[in-house]
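Structure record follows, encoded as structure tokens.
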Amino acid sequence: MKLTQISKTKAFGGWHYQYSHQANTTQCTMRFAIYLPPQADEKCKVPVVYWLSGLTCTDENFMQKSGALKMAAELGVAIVAPDTSPRGEGVPDDENADYDFGLGAGFYVNATQPPWQKNYQMYDYVLTELPALVEQHFPLTDKRAIAGHSMGGHGALVLALRNPEKFVSVSAFSPICNPVNAPWGKKAFSNYLGENSEDWLQYDASYLMRNAKQAIPALVHQGSDDNFLAEQLMPAALVNAAESSCYPLHFAQEDGYDHSYYFIASFIEQHLSFHKQHLQLP
């Protein structure tokens with residue numbers, strides 16, 4: 001599969017790249033970013049953390065705002081950040097151009113309903129196509145962790161819970177924990193997946209954690225002053241699910257923090273250190 005380089009920037013001794021490529025799953029041109037730490041070269045492969053961003057974001061938000069690259073360079077771990085939805089001419093968008101559905105709001109599902117089902121296959125893109133692509137072109141091991149924020153936290157948890165053999169650990173900031181009962185989730189799922197709410201459960205982290213048969217370590221941080229906490233994020237549902245199934249979830253609510261990248265930047269080093277334990281880094 002051909003990659004087209006968009007940018008190349010040196011950071012903390014490593015390199016941050018942006019690439020585009022024609023994706024089979026989403027049937028459009030997709031863009032992603034990858035940070036390769038200084039340890040990564042032809043003689044030394046490094047493990048990778050996949051980062052899934054939230055509503056309205058692209059591959060750029062996390063790489064520029066999180067402050068993660070210095071720690072990634074010190075640990076010797078790569079970071080891969082895909083876009084949050086398919087884009088381009090012919091890719092459908094919400095007719096009202098709402099921020100919480102359509103472009104920039106793929107919710108990391110495989111859409112089944114028209115007109116979304118042709119392009120909005122973000123679950124398969126993140127799970128299979130993107131890892132195969134980056135592992136073909138870059139010096140990466142088969143050790144993968146996954147993390148995300150808000151809608152991306154939802155995506156990271158769902159992908160890890162459904163595919164524990166693919167990832168060694170999962171973490172999230174302010175995830176949408178129970179989307180089948182949240183306005184954001186109801187809107188996205190009813191459009192992407194149809195009106196049968198039973199079909200939505202495969203993308204609900206709280207349901208999946210409650211019924212998990214195999215577990216990987218999980219870390220979730222939530223800010224107490226998050227404007228979306230009660231109505232959209234519902235972390236209590238995830239905590240209750242973990243307690244019910246004895247899932248190895250560490251949940252931390254941090255006083256005074258909101259939903260922004262200031263929150264992520266404050267605790268990203270803890271998340272990367274958490275993943276380090278499971279990526280077999282020295």
Side-chain angles (χ1 to χ4, degrees), residues 16 32-35 37 46-55 57-84 106-108 122-123 125-127 130-131 134 140-141 143-164 166-177 203 205 208-209 215-223 226 233 235 238 242 247-252 254 257 259-281:
H16 173 274
F32 70 91
I34 182 169
Y35 177 70
V46 297
V48 59
V49 175
Y50 287 87
W51 174 269
L52 307 185
S53 291
L55 291 166
C57 292
T58 67
D59 64 285
E60 295 183 339
N61 298 70
F62 178 77
M63 293 298 201
Q64 294 182 9
K65 295 180 179 180
S66 69
L69 301 190
K70 181 179 180 181
M71 187 70 166
E74 292 175 1
L75 295 177
V77 60
I79 299 175
V80 172
D83 202 346
T84 51
F107 271 83
Y108 305 100
M122 290 298 294
Y123 179 90
Y125 176 72
V126 174
L127 179 66
L130 183 60
V134 296
L140 304 177
T141 72
K143 296 297 182 183
R144 310 181 195 104
I146 191 166
H149 171 234
S150 194
M151 178 186 72
H154 138 77
L157 288 167
V158 167
L159 281 153
L161 288 163
R162 288 179 57 177
N163 305 278
K166 296 284 189 181
F167 304 100
V168 299
S169 52
V170 58
S171 71
F173 290 88
S174 316
I176 307 170
C177 296
Y203 297 109
L208 294 170
M209 189 168 284
I216 62 172
L219 170 65
V220 170
H221 268 87
Q222 174 63 58
D226 193 317
L233 306 182
L238 190 72
Y247 200 92
L249 168 68
H250 177 74
F251 177 83
E254 304 293 347
Y257 287 91
H259 199 72
S260 72
Y261 266 81
Y262 294 110
F263 176 41
I264 296 171
S266 297
F267 295 96
I268 191 62
E269 291 189 2
Q270 289 189 25
H271 281 240
L272 291 177
S273 295
F274 165 76
H275 292 301
K276 172 190 175 182
Q277 302 172 43
H278 309 289
L279 287 167
Q280 298 182 357
L281 290 167

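This one's a predicted model, so the numbers in the text were calculated from it and none came from an experiment.
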Quick one: are L238 and M209 in side-chain contact, heavy atoms under 4.5 Å?
yes
Separation of H250 NE2 from H221 NE2 (nearest 0.5 Å)
6.0 Å
Atom of F274, atom of V170 and distance for their closest heavy-atom approach:
CE2-O, 3.4 Å
L157 versus A205, closest heavy-atom pair with distance
CB-CB, 3.8 Å
I need the M71 CE to S273 OG distance, nearest 0.5 Å.
3.0 Å
Answer yes or no: is there a side-chain heavy-atom contact under 4.5 Å between H271 and L219?
yes
Under a 4.5 Å cut-off applied to non-hydrogen side-chain atoms, are L159 and L52 in contact?
yes
How close do I79 and A68 get, heavy atom to heavy atom, and via which atoms?
CD1-CB, 4.0 Å
Exam field: side chain H154 to backbone F107, donor-acceptor pair closer than 3.5 Å:
yes
V126 side chain near Y108 side chain, heavy-atom distance below 4.5 Å:
yes
Residue pair G153 / P175: nearest heavy atoms and the distance that separates them
C-CB, 3.7 Å
Backbone of C57 reached by a side-chain donor or acceptor of T84 within 3.5 Å:
yes
To the nearest 0.5 Å, tell me how far H278 NE2 sits from F167 CZ.
15.0 Å
P37 side chain near V46 side chain, heavy-atom distance below 4.5 Å
yes
Check I216 against V168 and note the closest heavy-atom contact, atom names and distance.
CB-O, 3.9 Å
Do V48 and I34 have side chains that approach each other closer than 4.5 Å (heavy atoms only, starting at C-beta)?
no
Closest heavy-atom pair, P47 versus T141, reported as atoms and distance to 0.1 Å, is CA-OG1, 3.4 Å
With sequence neighbours left out, what residues match F263 under ring-ring contact (aromatic ring centres under 6.0 Å, His included)?
F173, Y257, F267
Y247 side chain near L161 side chain, heavy-atom distance below 4.5 Å
yes
Would you say the side-chain atoms of D83 and Y125 include a donor-acceptor pair closer than 3.5 Å?
no
Supply the atom-to-atom distance Y203 OH to L208 CG, rounded to the nearest 0.5 angstrom.
10.5 Å
What's the spacing between S169 OG and K276 NZ if we round to 0.5 Å?
13.0 Å
side-chain hydrogen bond (donor to acceptor under 3.5 Å, both in side chains) against Y261, all qualifying residues, sequence neighbours excluded
none
Just wondering, do H149 and H259 contact through their side chains at under 4.5 Å, heavy atoms?
yes
How many angstroms lie between CG in L55 and CD1 in I176, if you round to the nearest 0.5 Å?
5.5 Å
Please list, chain by chain and in numerical order, all residues satisfying ring-ring contact (aromatic ring centres under 6.0 Å, His included) with Y35, sequence neighbours excluded.
none
